[in-house]
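Below is one structure, written out as structure tokens; the observations come after it.
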Amino acid sequence: MPTPLLRLNSLSKSFGAVRALKGVSFDLNPGEVHALVGENGAGKSTLVKLITGAERPEEGSIEIREQRFDHLSPALARSLGIACIYQQPALFSELTVAENIGLRLEPASPFGRVDWDARKALASRLLNKIGAHISPQSEIHQLSMPEQQLVEIACAVGSGARIVLMDESAASLSQ
């Protein structure tokens with residue numbers, strides 16, 4: 001049995017008197033794909049927020065590659081290889097695909113210099129890797145919602161994410 005990439009142990013979360021999650025346990029092993037299905041208010045988005053560090057569980061723990069955490073911060077979750085693609089992409093609409101990918105993935109350079117050719121090459125390489133036929137020079141506002149989500153997926157792949165969560169974003173993606 002492989003070591004789980006992610007293990008949730010009895011997570012619980014309430015918002016006031018509303019119990020969003022109670023005792024949720026779950027393992028995610030390398031190479032697995034899971035879908036959480038349920039009605040609105042079932043706690044799917046709350047679970048994603050606990051895994052990404054946007055919310056803090058009241059009970060339980062999260063293990064990532066056998067490291068145990070009572071809670072995560074968004075920065076810690078990213079550093080541990082967790083990425084999330086939301087229903088509404090978090091992209092700058094007036095910038096190009098390459099600029100959006102570069103802003104997420106490139107380290108800051110001295111004097112704010114940008115190697116534009118390298119930035120376009122990175123974007124092109126990541127888009128090709130996920131099979132997206134999108135030009136790195138396209139402005140985000142010119143793209144459809146599924147294309148914008150593919151840019152988000154390219155960013156997740158480029159960041160080296162080992163765990164990619166999609167919070168209702170898959171509804172607009174085709175095969």
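With rounding to the nearest 0.5 Å, the separation of CG in Leu95 from CD1 in Ile101 is 12.0 Å. From Ile62, atom CD1 reaches atom CD1 of Ile82 across 7.5 Å, with rounding to the nearest 0.5 Å. In this structure, CD1 on Ile51 lies 5.0 Å from CG on Leu165, to the nearest 0.5 angstrom. Atom OG of Ser45 and atom CG of Asn40 lie 8.5 Å apart (nearest 0.5 Å). For the atom pair CD of Gln148 and CD1 of Ile134, the computed distance is 9.0 Å after rounding to the nearest 0.5 Å.
Residues passing the side-chain contact (heavy atoms from CB on, under 4.5 Å) test with Pro4, sequence neighbours excluded: Arg7, Asp27, Asn29. Judged as a side-chain hydrogen bond (donor to acceptor under 3.5 Å, both in side chains), and not counting sequence neighbours, the contacts of Ser144 are Glu147. Residues meeting the side-chain contact (heavy atoms from CB on, under 4.5 Å) test with Gln67, sequence neighbours left out: Phe69, Leu80. Considering only residues two or more places apart in sequence or on other chains, Ala17 meets the side-chain contact (heavy atoms from CB on, under 4.5 Å) condition with none of them. The side-chain contact (heavy atoms from CB on, under 4.5 Å) check on Ala54 picks up Lys49, Thr52, with sequence neighbours excluded.
Listed for the Ser12 side chain is a donor-acceptor partner under 3.5 Å among the backbone atoms of Gly23. A distance-only check finds no donor-acceptor pair linking the side chain of Gln137 to the backbone of Thr96 [under 3.5 Å].
At a threshold of 4.5 Å between non-hydrogen side-chain atoms, the residues Leu143 and Val97 count as touching. Between Leu126 and Leu105, the closest side-chain pair of non-hydrogen atoms falls below 4.5 Å. The shortest distance between side-chain heavy atoms of Leu72 and Ile64 falls below 4.5 Å. Annotation: side chain of Leu21 is in contact with side chain of Leu47 (closest heavy-atom distance under 4.5 Å). Side chains of Glu99 and Glu94 form no contact here, defined as non-hydrogen atoms less than 4.5 Å apart. Looking at heavy atoms from C-beta onward, Val48 lies in side-chain contact with Cys84 at the 4.5 angstrom threshold. No side-chain heavy atom of Leu8 sits under 4.5 Å from any side-chain heavy atom of Leu50.
Under the 4.5 Å side-chain contact rule for hydrophobic residues, Leu91 and Ile130 share a cluster. Each of Ile85 and Leu103 belongs to its own hydrophobic cluster when Ile, Leu, Val, Met, Phe, Trp and Tyr are linked at side-chain heavy-atom distances under 4.5 angstrom.
Among residues at least two apart or in separate chains, ring-ring contact (aromatic ring centres under 6.0 Å, His included) pairs with a member in residues 8-28 are Phe26-His34. For residues 71-80, the set of pairs meeting the side-chain hydrogen bond (donor to acceptor under 3.5 Å, both in side chains) definition, not counting sequence neighbours, comprises Arg56-His71. Every pair tested for salt bridge (Lys or Arg N to Asp or Glu O under 4.0 Å) that includes a residue from residues 37-48 fails, sequence neighbours excluded, so the list is empty. Here salt bridge (Lys or Arg N to Asp or Glu O under 4.0 Å) pairs that include residues 10-23, with residues two or more places apart or in two chains, are Lys13-Glu55, Arg19-Glu58. The stretch residues 115-153 participates, sequence neighbours left out, in no ring-ring contact (aromatic ring centres under 6.0 Å, His included) pair at all. Contacts classified as salt bridge (Lys or Arg N to Asp or Glu O under 4.0 Å) and involving residues 117-140 (residues at least two apart or in different chains) are given here: Glu106-Arg119. Under the salt bridge (Lys or Arg N to Asp or Glu O under 4.0 Å) criterion, the residue pairs touching residues 60-74 are Arg68-Asp70, with sequence neighbours excluded.
Heavy-atom minimum distance, Gln149 versus Pro89: CG-CG, 3.8 Å. Closest of all the heavy-atom pairs between Val164 and Ala156 is CG2-CB, 4.3 Å.
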